[in-house]
Each structure stands twice: as structure tokens, then as C-alpha cells.
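Data first, discussion second: the structure below is written as C-alpha cells.
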Amino acid sequence: MSKQDPFDQKKNSILQEINSLEPDLSPKGSIDRLCLPIMNLINSHEDMVTTSSCSGRISVFVEGTKSVSKDEIKTGGKGLGGRWLYVSHEQDEVLNWVDTLTDDEIKFGSTEDTGDEFDNSIQYILYKYEPFILHVKCRDFKSASKLFNVAMSCGFRESGIGSNNIVAIRINIKLDVPIGFLDVAANNALTFFASKRYIDILDKLTVSKFIENKKKMDELYSKIDKEIISVPPEAADMKSNEVKETKEERRERKRKEGLERQRQLQSNE
């Protein structure tokens with residue numbers, strides 16, 4: 001019995017984890033439903049397998065604190081006291097998320113008790129929209145390049161090819177805004193810089209980003225299907241072997257073709 005290719009072994013292991021009913025290692029514990037169609041499409045290709053994904057999400061997070069020295073405090077996402085206020089991967093769950101914060105004292109449109117300047121001790125409340133991201137392990141650089149080029153042609157300009165031929169497919173549809181801080185002096189009240197109306201506006205912007213993100217995911221799905229999955233192997237090889245000429249090369253080719261036509265006309269006279 002021949003030894004299985006290392007890539008095939010890795011792919012089989014990953015697919016077993018994807019198809020398992022056990023929670024995965026992500027904070028959510030499961031794959032986002034909007035990621036499943038494009039994941040299944042890519043995983044149907046023998047030279048590719050998805051390794052991690054996120055369909056896009058809204059998140060509201062209170063920074064934690066991390067002691068750097070006895071006299072200095074630095075805030076950080078995963079430091080002591082950091083916590084999620086709200087997270088959702090669903091467009092329909094964006095609006096009015098503030099109303100879910102029933103266990104906290106909330107103050108709107110206030111910067112009281114923060115001093116004249118904000119320093120590193122302030123634990124900010126961060127409002128974020130993070131778009132679709134997908135990591136795909138490919139068998140070789142050739143297949144990685146093919147996927148990367150398709151992603152770039154769809155507008156996923158933050159994409160790249162990393163070590164072990166892993167393609168990170170990313171797009172810049174982001175929103176990252178500090179909207180408040182944790183008021184330690186007021187029993188850790190959630191104090192927002194702006195009004196509830198302003199946060200409602202942020203929510204509507206986020207809904208529009210969810211919509212744009214979904215359109216780009218659909219476009220990427222269609223192009224991967226058309227240019228990678230549904231292309232016969234022989235046609236794919238022919239296409240990959242085609243050499244794209246530069247503007248200078250095309251200009252030179254046209255010049256030579258023109259000279260050849262003139263030569264032929266003169267010889268026929």
C-alpha cells in the first residue's frame with residue numbers, strides 16, 4: 001500500500017474536523033453558516049482545503065488592562081478585565097444591540113471623570129465590523145497562485161500567500177471605532193462618548209457593510225467556481241501556460257506584424 005501524500009493526509013484530517021459535531025477552537029465554537037457554501041466549493045478541489053474562516057461580524061469589546069511595570073499600565077485586548085459586550089455574525093442581529101446590555105450601568109454622551117487627557121490606563125469600548133476572511137492551504141505554489149489571483153480579481157486586495165502555500169483571502173470592508181470607556185470611578189459603568197442616536201448610525205453603517213461583504217463573497221464564489229472548480233484539468237493547464245504579454249511586448253508584436261504585412265505587399269507588387 002503506497003504512503004498517502006502529506007497534503008492529502010492534512011486535508012483528510014481537516015475535513016474530519018469540519019464535519020465533526022464537536023465544537024471547534026473558535027470563540028463561537030462552530031463554522032459560520034455563510035462560510036459553508038464557499039468552503040464546500042473550495043474543499044471539492046483536490047489541491048485545496050480551508051483551514052479557518054469568518055463570514056464577517058460585529059463586535060463590541062471592553063479593553064482589558066495589562067501591567068507593564070509598577071508605575072505603568074498599558075491597555076490590551078486580552079488583558080485583565082477585558083470582555084466582550086456583544087458579538088454577532090448575523091446581519092439581522094446588528095440593530096439595537098445596546099438594548100441587550102441590561103446588566104450594566106450605561107451613560108451616553110459623556111466623557112466625565114476621564115480627566116483632560118486620555119492616557120494608557122483608560123479601558124476603551126471598541127466597536128468593530130470585521131469582514132469575511134478565509135485561509136486555504138494549497139498543495140503547491142501553482143494552485144495557491146491560481147486561488148490568489150482569482151481573489152485579487154474580485155477585489156480581495158488584502159489577500160496574500162504565506163508559508164506552506166496558505167492563501168489568506170481578505171478584503172478591506174472594516175469599521176473600527178472607539179465609542180466609550182469603562183468608568184472605574186463610577187462602579188465600572190459603560191460610558192459612551194456619543195448619544196444612542198450616534199450608535200444607531202454606526203449600526204446602520206455596519207448593516208450596509210454586511211450587505212457589501214455578502215455581495216463580495218458571492219462574487220468570489222462564482223469566480224472560483226467558474227475559473228478553478230468547473231474548469232477541465234486540460235483547459236486549466238493550457239490557461240496556466242498562457243503567457244500574458246505586457247503593453248510594451250504587445251506594441252512590439254504589433255510593430256513586427258505591420259512590418260511583415262508591408263513586406264508581403266511589396267513582394268506582391
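Positions are given from 1 along the sequence.
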Neighbour count above 12 (heavy atom, 6.0 Å) for Lys216 NZ: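 Above 12, so yes.
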Whether over 12 other heavy atoms sit under 6.0 Å from Tyr198 OH: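 12 or below, so no.
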Is there a donor in the side chain of [X] and an acceptor in the side chain of [Y], or the other way round, less than 3.5 Å apart?
| X | Y | result |
| --- | --- | --- |
| Tyr127 | Asp203 | yes |
| Asp47 | Ser143 | no |
| Asp225 | Ser222 | no |
| His135 | Ser52 | yes |

Verdict with supporting geometry, Val98 and Phe108, side-chain contact (heavy atoms from CB on, under 4.5 Å): CA-CA 11 Å; Val98 172; Phe108 289 101; 3.7 Å; yes
Could you tell me whether a side-chain N or O of [X] sits under 3.5 Å from a main-chain N or O of [Y], the two making a donor and an acceptor?
| X | Y | value |
| --- | --- | --- |
| Gln123 | Glu63 | yes |
| Asp5 | Phe7 | yes |
| Ser159 | Arg170 | yes |
| Lys209 | Leu175 | no |

Partner residues of Ser59 under the side-chain hydrogen bond (donor to acceptor under 3.5 Å, both in side chains) criterion, sequence neighbours left out: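 Result, side-chain hydrogen bond (donor to acceptor under 3.5 Å, both in side chains) vs Ser59: none returned.
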Counterpart residues, side-chain hydrogen bond (donor to acceptor under 3.5 Å, both in side chains), relative to Lys196 (two or more places apart):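 In terms of side-chain hydrogen bond (donor to acceptor under 3.5 Å, both in side chains), with neighbours along the sequence ignored, Lys196 is linked to Asp200.
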Option passing side chain to side chain contact (heavy atoms under 4.5 Å, CB included) with Ile169 (candidates Thr50, Leu147, Ile38):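 Only one of Thr50, Leu147, Ile38 forms a side chain to side chain contact (heavy atoms under 4.5 Å, CB included) with Ile169, namely Leu147.
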The single option from Asp8, Ile14, Asn12, Val136 passing side chain to side chain contact (heavy atoms under 4.5 Å, CB included) against Val49: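 Result for side chain to side chain contact (heavy atoms under 4.5 Å, CB included) with Val49: Ile14.
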Separation of Phe181 CZ from Leu126 CG (nearest 0.5 Å):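 Here the interatomic distance stands at 13.5 Å.
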Distance in Å, Arg139 CZ paired with Glu46 CD, rounded so as to fall on 0.5 Å steps: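 So the CZ of Arg139 and the CD of Glu46 are separated by 6.0 Å.
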Hydrophobic cluster identity match, Ile229 and Leu220, side-chain contacts under 4.5 Å: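 Hydrophobic grouping puts Ile229 with Leu220.
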Parallel, tilted or perpendicular: rings of Phe156 and Phe132 (30°, 60°):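 Correct class here is perpendicular.
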N-O pairing of Glu212 and Lys215 below 4.0 Å: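 Result for this pair is no, no salt bridge flagged.
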Salt-bridge criterion met for Glu90 and Arg33 (N-O under 4.0 Å):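 Yes, Glu90 and Arg33 are salt-bridged.
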Closest heavy-atom pair and its distance - Arg197, Lys204: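 Closest pair (atom of Arg197, atom of Lys204, distance): NH1-NZ, 4.0 Å.
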Glu130 vs Lys174, side-chain contact (heavy atoms from CB on, under 4.5 Å): CA-CA, chis, key distance, verdict: CA-CA 5 Å; Glu130 298 163 293; Lys174 298 179 180 179; over 6 Å; no
